[in-house]
Structures are given as C-alpha cells and as structure tokens.
Protein chains: 2
Amino acid sequence: MTGQRSITETEKLVQGRLGGIAIRHEQMAVVANIHRAAAAVRQHLENSVLRDVDLTWTGFVVLWVIWIWGESESRQVAEEAGISKGTLTGVSRTLVSRGLIARSEHAGDRRLVLLGLTSRGEELMRRVFPDFNAEEAFVAERLTPEECLTTADALRRIVRQVEEHGEERRLHLLGGARPAPRRSGRRPKA
Amino acid sequence: MTGQRSITETEKLVQGRLGGIAIRHEQMAVVANIHRAAAAVRQHLENSVLRDVDLTWTGFVVLWVIWIWGESESRQVAEEAGISKGTLTGVSRTLVSRGLIARSEHAGDRRLVLLGLTSRGEELMRRVFPDFNAEEAFVAERLTPEECLTTADALRRIVRQVEEHGEERRLHLLGGARPAPRRSGRRPKA
DNA sequence: CCTATTTTGTTTGGAGCCAAACGATATATC
DNA sequence: GATATATCGTTTGGCTCCAAACAAAATAGG
C-alpha cells in the first residue's frame with residue numbers, strides 16, 4: 001500500500017452533496033473502477049482482435065466457453081458465459097448461421113439443446129485466442145503477474161458475495177413487499 | 001499474497017486446447033474476473049435499489065455525474081459516464097421526459113448542450129445515493145477497505161493503459177491496413 | 001471574406017441484454 | 001395414469017450500446 005488514501009476530488013464533492021452523511025468511499029471506488037475497466041477492456045478488444053474476425057464480445061465469450069468445456073448444454077453455456085438464456089438463444093443463432101457452432105439434441109431429455117463447435121469454429125478459436133490473450137496482456141501491462149492474481153482474487157470475492165448472498169439481500173431490502181415490476185419485458189396474455 | 005498460484009482447472013483446459021502454446025494466465029484471470037464482477041454488481045444494483053426508483057444503471061450513472069459535477073456539457077457527461085455521445089442522447093431524452101434533468105443552451109457556442117438536474121432530480125439523488133452506496137458496501141463486504149483501494153488502483157492502471165496507449169496499439173496491430181468495417185451501424189447515403 | 005477542417009450533438013442500424021411469459025417435456029405424488 | 005410441479009430453451013418488449021454518417025456551428029489559414 002503506497003498511500004493514495006486521501007479523499008479524491010470526486011469524493012469531496014460527494015460529501016458536499018450529501019451534507020455530512022457518511023459514505024463508504026473505498027467501496028464506492030472499487031465499484032466505479034470495476035465498470036470503467038470492464039468497459040475499457042471490452043472496447044479495446046472489440047475494436048482490435050474481435051473486429052478483424054467479425055465477432056462481438058459476447059459471441060467470442062460463448063465460443064470460448066464451448067471451446068474450453070466441449071459440447072455442452074445451453075443452460076451451462078449461458079451460466080458460464082455470464083449471460084441469460086434468452087440472450088444465448090439470439091447469440092447462438094448468429095453463431096450457427098455463421099457456421100461456427102452446431103446444435104444437437106440430447107438423447108435422454110428432449111428439452112435440452114447441446115452446443116458444440118464446428119471444425120470451422122475450432123480453427124477460428126485456435127487462431128484467434130492467442131491474439132486475444134496478447135491483448136489481455138497489453139491491457140494489464142502496468143500490473144505485475146502477482147498484482148493480476150491478487151486483483152483477480154479480490155474480484156472473485158465480490159462475485160461470490162453477490163452469488164451467495166445477493167438474492168437473500170434483495171429480499172431483505174424489500175422487507176416482504178413484492179418487487180417493483182420491470183419497465184421492459186413480456187406482459188401476461190390476459 | 002497467500003499462494004493460489006496453482007494453475008486452475010480452466011487454465012489447464014486452455015493449455016490443452018492450445019497444444020503447448022504459451023498463454024499469459026494471470027492477465028487472462030484479471031480480465032475474466034473484471035467482467036464477471038461488473039456484471040454481478042450491476043445486476044444486483046439494478047434489481048434492488050434502482051428497480052425501486054425505476055432507473056437503469058446507465059440512467060443512474062448519468063444522473064450521478066450531473067449531480068456531482070453540476071450542470072455540464074453533454075460531451076463531458078458522456079465522457080465521465082463512460083458512454084458514447086450517441087447513447088447519451090437517448091438516455092438524456094428519457095431522463096428529461098421523466099423530469100429529472102433539463103437541457104439548456106450554451107450562451108457562447110450554439111453547438112453545445114448543457115445538462116443539469118431539476119429539483120426533482122436532485123431530491124431523487126439525495127434520497128437514492130445513500131442506498132446505492134450501501135449496496136456497494138454490501139458487494140464489497142468480503143474486502144477490507146485497504147483491499148478495496150488497492151483493487152481500485154489496479155483497475156485504474158488498466159483504464160489508463162488503454163486510454164493512453166490503446167489507440168496507438170490498435171493502429172500498430174493493423175500495420176497500415178484500414179480497420180474492418182463494423183457489422184452494425186449507419187451506412188453512407190450513396 | 002472564403003474555403004477547409006474540426007468539433008458538437010443527433011440519427012441510424014444492427015446487435016446485446018434481461019426478466020417474465022410461454023410451450024414442451026420431464027419428474028413427483030397420489 | 002392422472003395431475004401438479006419443475007425445468008428447459010424460446011419469444012417478447014423495452015431498453016442499452018456503439019460507431020459511423022450526418023447537419024450545424026465554430027475555427028483556421030489563406
């Protein structure tokens with residue numbers, strides 16, 4: 001820890017706006033920077049490696065999951081890729097149309113859909129992944145490998161916290177009331 | 001650093017797929033976890049605090065920026081909020097229609113648009129921000145304040161690296177060729 | 001002046017994204 | 001076996017998001 005503990009410009013302004021109500025500025029700082037970093041990294045990759053091979057970020061992530069884990073059930077791919085199953089339906093449709101993945105039925109359970117790479121998809125990943133990883137290294141250039149690992153670990157703890165206690169927390173916040181309806185989304189037929 | 005240096009399951013699988021080509025797994029780990037964490041945090045906040053007041057993540061961020069920095073020019077708001085100016089046009093339209101912000105013209109330069117909070121917007125932020133910050137604290141519960149700061153600092157270095165060297169790097173990668181066209185987006189008239 | 005060039009915010013087109021509703025299938029309980 | 005309940009992937013509706021094209025306005029260089 002090399003200092004940098006002082007309240008930043010932004011935090012002073014926030015304090016001013018709130019008129020003395022205490023805020024947790026360290027936690028505010030991580031959350032804000034997680035999103036800045038995510039956007040910056042994603043944009044860099046979309047505009048370099050992925051643009052060249054005409055893949056979106058999400059498309060790449062889905063391919064990657066299937067590549068690494070082999071032919072898998074839809075729900076697992078969505079879970080691992082961090083997108084909803086509804087989103088996966090659209091993304092996988094695109095990838096199928098481009099000949100990168102193929103759908104097949106599950107023998108025992110006819111509700112399930114299996115997604116696997118085609119040989120074209122496999123070739124693509126073998127070619128693109130090293131370039132992708134080189135850009136990951138580029139964006140993390142100012143961090144030592146050790147710092148990468150400690151940072152990754154800290155982020156993983158945030159993910160776990162939300163995964164393990166998020167729902168419970170949201171229910172607690174509502175205090176028995178039912179959640180506000182979402183602005184967008186499908187409506188009941190009746 | 002408490003160890004955890006061993007190659008994880010996923011990384012072993014990646015190595016297998018690549019047949020021995022070296023990859024930078026520490027950097028891969030940060031990048032992957034940045035995105036997991038960003039998605040988890042965003043979803044938690046959208047489904048708790050923001051849902052109740054009918055704000056999207058981006059809508060909240062835009063309001064926040066204007067709240068903290070005061071009435072500002074559009075381009076600055078977009079920059080600070082981390083969204084494109086095109087996106088801001090849509091988001092600010094929504095916020096204006098809900099009476100939370102107001103647009104005004106710049107006296108000296110007629111190209112500019114100023115965005116400022118209405119009193120309704122200001123009230124909302126004073127009420128919502130403490131709750132928002134409480135959830136930031138919740139998601140970061142497994143990190144000490146010091147860990148929050150070091151993590152935030154590491155992420156900031158990633159953002160700076162991309163901001164300061166990203167474009168140059170992308171040009172270098174192209175090696176003189178012009179960038180591939182984007183799949184979506186407006187087409188020339190002719 | 002007058003013609004580039006630059007800089008603003010807006011429009012546009014295609015894709016992503018989620019939650020809830022939904023239909024089809026599978027499982028549990030009687 | 002019927003009937004309820006759970007789970008799968010898909011559809012739907014509304015919003016986010018970006019980059020490039022664009023029009024309007026400002027600035028630069030003669």
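Just so it is clear: chains get the letters A, B, ... in the order the sequence lines come, proteins before strands, and each one is counted from 1.
- Closest to the side chain of A:V91, out of C:dG16, D:dC8, D:dT16, is C:dG16.
- Residue-to-nucleotide contacts include a donor-acceptor pair under 3.5 Å from the side chain of B:R111 to the base of C:dT7.
- Remark: C1' of D:dC17 and CD of A:E46 are 9 Å apart, rounded to the nearest angstrom.
- If you check every strand for non-hydrogen atoms under 4.0 Å, B:S84 touches a base.
- Ion pairing of B:R127 with B:E123 is absent here, as no side-chain N (NZ or NE/NH1/NH2) approaches a carboxylate O to less than 4.0 Å.
- Picking from D:dG9, C:dT11, D:dC17 the nucleotide with the shortest atom distance to the side chain of A:K85 gives D:dG9.
- Position along DNA chain C of the nearest nucleotide to B:R51 versus A:G59 favours A:G59 as the more 5'-ward residue.
- We find that CG of B:N47 is positioned 12 Å from C1' of C:dA20, with the value rounded to whole Å.
- Rounded to whole angstrom, the span from the CG atom of A:L115 across to the C1' atom of D:dT10 amounts to 13 Å.
- The aromatic rings of B:W67 and B:F129 sit tilted, their planes meeting at an angle between 30° and 60°.
- A distance of 12.0 Å separates CG in A:L112 from CZ in A:R110, rounded to the nearest 0.5 Å.
- Each of C:dA19, D:dC18, C:dT10 was ranked by its minimum atom distance to the side chain of B:T87; first place goes to D:dC18.
- With respect to the salt-bridge test (charged N to carboxylate O, under 4.0 angstrom), the residues B:E80 and A:R36 qualify.
- The listed nucleotides are D:dA20, C:dG16, C:dT11; the one nearest the side chain of A:T56 is C:dG16.
- The CZ-C1' distance, from A:R75 to C:dT25, rounds to 13 Å in whole Å.
- Partner of B:V113 under the side-chain contact (heavy atoms from CB on, under 4.5 Å) criterion, out of B:S92, B:S104, B:S74: B:S74 alone.
- Side-chain atoms of A:D109 lie closest to C:dT25 of the nucleotides D:dG9, C:dG16, C:dT25.
- Remark: P of C:dT8 and NE2 of B:H106 are 11 Å apart, rounded to the nearest angstrom.
- Looking at A:R110, its side chain has no donor and acceptor atom pair within 3.5 Å of the base of C:dT25.
- Here the P atom of nucleotide D:dT16 and the CG atom of B:D54 are 10 Å apart, to the nearest Å.
- With rounding to whole Å, A:E79 atom CD is found 15 Å from D:dT7 atom C1'.
- Here C:dA24 presents its P atom at 17 Å from CG of A:L112, a figure rounded to the nearest Å.
- In this structure, B:I83 reaches the sugar-phosphate backbone alone: every heavy-atom distance under 4.0 Å involves primed, P, OP1 or OP2 atoms, never a base.
- Residue A:S74 is classed as a sugar-phosphate contact, given heavy-atom separations below 4.0 Å to backbone atoms only.
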